[in-house]
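Working notes, beginning with the structure itself.
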Amino acid sequence: NAMASQEQFLRKLIATMVATNNANHDKLSISPLYGTPLRLPEDNGLHHAENKAIQALFSISSLLCSDVSGVGKKQFLDAFMLKDVRGAAETVSFACCVFLQILMDQENGLCVPQNPSDRAFFSNVKLPLIKAHLLEGLSSSLDECMFSTSSRKHAETLICDFKIPQLCLTCCQSKTVSQAAFDLYENIVLPLPIAVLGDLLLADKSSLVTLFDLVTGQNNMVPDHDHSKQTFAHTLGNFAKTGLLAAAVERFGVRNNAIAALSAAMQGSDDGNIDENEDSLPRICVESLAAILCDNEQDELELTALEARTMAPAIGKILSATILTRFFTQASLETTFDDSLDHSSDRSAISQSAEARLLCSLASFPETLDVLRKVGGLEAIGLIAHEGELAAIQALQKACELSPKSVVAVDAHLSIMDCLIQVESKLPADLSNASKLREVVIGCIQIITSLSQNIETKSAVLSAEQSFGCLKAATCIISAISEQLSQKSKAMKGDIASVNKTLTESYAEEDTTSAGKSH
């Protein structure tokens with residue numbers, strides 16, 4: 001009660017703290033709305049007196065906020081948040097930032113008790129109580145600044161100088177202040193321009209790793225667990241879209257952390273599928289994972305055998321289920337609508353999606369094929385191969401080498417046969433993709449030939465209704481090659497005749513010249 005009656009003294013302590021730290025932030029102009037600071041003795045720049053004032057401020061603040069009647073808490077908030085002063089948001093936000101920064105060091109900080117026996121009460125009760133109120137006050141004051149044209153620049157400078165995004169991530173890992181920190185992150189930090197947010201959160205390795213942990217739920221203490229994971233994933237997704245995430249992952253060497261975190265978070269889907277909503281957690285994770293693994297020069301996903309072995313058991317099932325569901329849904333739509341409509345672009349979009357590319361990359365290693373086969377991976381890859389995707393065809397070639405029966409068991413051989421018939425007909429027309437289409441045709445022929453020569457799979461290939469179309473396609477290819485060779489042969493014969501004629505004329509001219517000289 002004695003402290004509550006001394007609001008002016010409390011404000012003088014706050015003013016002293018603000019004045020002491022204002023010199024360190026020359027880009028900010030802070031109005032002295034808390035009043036005149038305490039006049040303290042000079043100590044050659046050691047700030048002993050100022051430090052004592054800040055320690056007294058913490059002790060009094062924690063005493064007021066622990067009052068069960070709520071009177072002390074109201075007095076503290078009225079004094080610190082300048083409830084009776086209009087237009088105080090800039091000053092209040094700065095004061096909150098300074099006090100929070102002082103309190104972040106929980107080991108050797110200014111307000112940490114010297115007596116070890118007092119530290120448990122300080123860490124578990126006093127510190128969280130004050131930090132929670134400061135985070136709430138910072139959120140409301142920054143919100144006011146962000147919506148004011150004249151104060152927005154101040155707020156953005158404050159956020160950068162005091163590294164508010166990193167502060168939020170750290171506090172979200174503390175049970176007692178996580179909700180206040182998450183509210184600040186969601187309302188103030190998340191709407192920042194992605195370039196600004198990237199400069200802050202991707203500036204150091206620890207912040208990026210913390211962000212990955214929060215997305216997976218590891219050390220995430222926010223009460224609304226699922227919503228917070230979604231929000232943090234949204235940040236990662238925005239970084240991935242702009243290329244900032246892949247660059248930061250490579251710069252800090254945290255590729256393994258990224259793969260593990262995103263793979264773990266992707267498994268949180270309710271129905272075991274990755275829906276097409278770009279804001280859903282699994283969708284953000286699969287797109288971010290593809291962005292991290294993508295080789296920008298080749299636009300292909302690059303995986304090591306170890307990474308593939310790690311990812312296949314974790315996400316192989318959800319990738320396969322998603323692709324199968326999307327293809328089955330597409331097939332249902334095609335039977336519903338007019339047959340004359342061309343749906344090839346829709347099927348192609350599925351085949352070129354992030355989940356399809358990831359699945360094909362995982363299947364390119366012999367070690368992972370058995371894992372994927374058990375969760376419907378080969379069946380999904382067969383449907384992708386049907387659309388002429390080279391990576392899927394190459395994956396099925398690997399499968400044919402290891403287990404031809406497994407390819408036939410999921411009717412992937414029929415997809416390959418259909419692909420050969422469709423792609424061969426496109427070769428003369430689509431000259432821009434002729435090189436890729438030839439690779440697709442070669443891959444298909446090699447698979448069909450391999451299965452036709454295997455005793456266990458031969459009958460399945462020969463009895464398929466597509467076999468005649470494949471023979472026709474092969475005949476056309478042989479015919480085309482024969483014609484090319486014939487034309488080359490004729491050209492060579494013509495060239496030889498031309499050379500012989502030139503040589504004969506040359507020799508005749510040389511003989512005439514020699515005879516003239518002799519005469």
Legend entry - Note: Glu287-Lys241 ion pair, threshold 4.0 Å (strictly below): no
Inset, instruction - Verify whether one side chain among Asn273 and Thr325 offers a donor that lies under 3.5 Å from an acceptor in the other. - result: yes
Legend entry - Minimum heavy-atom distance Leu281-Ala233, with the two atoms named: CD1-CB, 3.1 Å
Inset, instruction - Nearest 0.5 Å please: distance from the CG atom of Leu362 over to the OG1 atom of Thr368. - result: 6.0 Å
Inset, instruction - Could you walk me through whether Asn220 and Asp213 pass side chain to side chain contact (heavy atoms under 4.5 Å, CB included), step by step? - result: CA-CA 7 Å; Asn220 185 335; Asp213 289 343; over 6 Å; no
Legend entry - Pairwise distance CZ(Phe147) to CG(Leu142) - rounded to 0.5 angstrom: 12.0 Å
Inset, instruction - Measure the CD-CZ distance between Glu389 and Arg357 for me, rounded to the nearest 0.5 Å. - result: 9.5 Å
Inset, instruction - Determine the minimum heavy-atom distance between Ile292 and Ala258, stating which atoms define it. - result: CD1-CB, 3.7 Å
Legend entry - Nearest heavy atoms of Ala356 and Ile384, plus distance in Å: CB-CD1, 3.7 Å
Legend entry - Check: Thr91 side chain, Ser31 main-chain N or O, donor-acceptor pair, under 3.5 Å: yes
Legend entry - Side chain Ser348, main chain Ser344, donor-acceptor under 3.5 Å: no
Inset, instruction - Heavy atoms only: give me the nearest Ser178-Pro223 pair and the separation to one decimal. - result: OG-CD, 3.8 Å
Inset, instruction - For Ser353 and Ile350, indicate whether the former's side chain and the latter's backbone hold a donor-acceptor pair under 3.5 Å. - result: yes
Inset, instruction - Indicate whether the side chain of Gln55 and that of Asn51 have a donor and an acceptor atom separated by less than 3.5 Å. - result: no
Inset, instruction - Apply side chain to side chain contact (heavy atoms under 4.5 Å, CB included) to Leu77 and Glu136, showing your working. - result: CA-CA 10 Å; Leu77 293 176; Glu136 290 170 3; over 6 Å; no
Legend entry - Which atom of Ala395 lies closest to which atom of Leu369, heavy atoms considered: O-CD2, 4.4 Å
Legend entry - Sub-4.5 Å side-chain heavy-atom contact between Leu10 and Gln75: no
Inset, instruction - With the side chain counted from C-beta on, respond yes when Phe252 and Asn257 share a heavy-atom pair under 4.5 Å apart, and no when they do not. - result: no
Inset, instruction - Assess the side chains of Gln397 and Glu401: does a donor N or O sit below 3.5 Å from an acceptor N or O? - result: no
Inset, instruction - Enter the distance from Leu167:CG to Gln101:CD here, rounded to the nearest 0.5 Å. - result: 9.5 Å
Legend entry - Any side-chain heavy-atom pair of Arg326 and Gln330 under 4.5 Å: no
Inset, instruction - Might you work through the side chain to side chain contact (heavy atoms under 4.5 Å, CB included) test for Leu372 and Leu378, ending with a clear yes or no? - result: CA-CA 7 Å; Leu372 296 176; Leu378 276 186; 6.0 Å; no
Inset, instruction - Mark yes or no for whether Asn21, through its side chain, and Met17, through its backbone, hold a donor-acceptor pair below 3.5 Å. - result: yes
Legend entry - Audit row: Val92, Leu33, side chain to side chain contact (heavy atoms under 4.5 Å, CB included) steps and yes/no: CA-CA 9 Å; Val92 170; Leu33 300 182; over 6 Å; no
Legend entry - Phe365 side chain reached by Thr304 side chain, heavy atoms, under 4.5 Å: no
Inset, instruction - Indicate whether any N or O donor in one side chain lies under 3.5 Å from an N or O acceptor in the other, for Ser148 and Glu144. - result: no
Inset, instruction - Assign the ring pair Tyr185 / Phe182 to parallel, tilted or perpendicular, where the plane angle (0 to 90°) is split at 30° and 60°. - result: parallel
Legend entry - Exam field: side chain Ser332 to backbone Phe328, donor-acceptor pair closer than 3.5 Å: no
Inset, instruction - Flag yes if more than 12 heavy atoms outside Glu367 fall under 6.0 Å of its CD atom; otherwise flag no. - result: yes
Inset, instruction - Check whether any side-chain heavy atom of Phe80 sits under 4.5 Å from a side-chain heavy atom of Tyr34, and report yes or no. - result: yes
Inset, instruction - Please check if the side chain of Gln166 supplies one atom and the backbone of Leu200 the other of a donor-acceptor pair under 3.5 Å. - result: yes
Legend entry - Spacing of Cys360 atom SG and Ile381 atom CD1 [to the nearest 0.5 Å]: 5.5 Å
Inset, instruction - Look only at the side chain of Ser66 and the backbone of Leu63, and say whether a donor-acceptor pair between them is shorter than 3.5 Å. - result: yes
Inset, instruction - Report the relative orientation of the aromatic rings in Phe58 and Phe99; use parallel for angles under 30°, tilted for 30 to 60°, perpendicular for over 60°. - result: perpendicular
Legend entry - Val177 vs Met221 side-chain heavy atoms within contact, under 4.5 Å: no
Inset, instruction - Looking only at non-hydrogen atoms, find the nearest pair between Leu301 and Ser361 and report the distance. - result: CB-OG, 3.3 Å
Legend entry - Any Val440 side-chain heavy atom under 4.5 Å of Cys419 side chain: yes
Inset, instruction - Indicate yes or no: at least one non-hydrogen side-chain atom of Thr322 is less than 4.5 angstrom from one of Ile318. - result: yes
Inset, instruction - Output yes when a side-chain donor or acceptor of Ser280 lies under 3.5 Å from a complementary backbone atom of Glu276, and no otherwise. - result: no
Legend entry - Straight-line distance of Thr16 OG1 to Glu50 CD, nearest 0.5 Å: 8.0 Å
Inset, instruction - Kindly say whether Pro113 contributes a backbone atom to a donor-acceptor pair with the side chain of Arg119 at under 3.5 angstrom? - result: yes
Inset, instruction - Mark yes when over 12 heavy atoms from residues, nucleotides or ligands other than Lys12 sit less than 6.0 Å from its NZ; otherwise mark no. - result: yes
Legend entry - Backbone N/O of Asn277 and side chain of Arg283: donor-acceptor pair under 3.5 Å: no
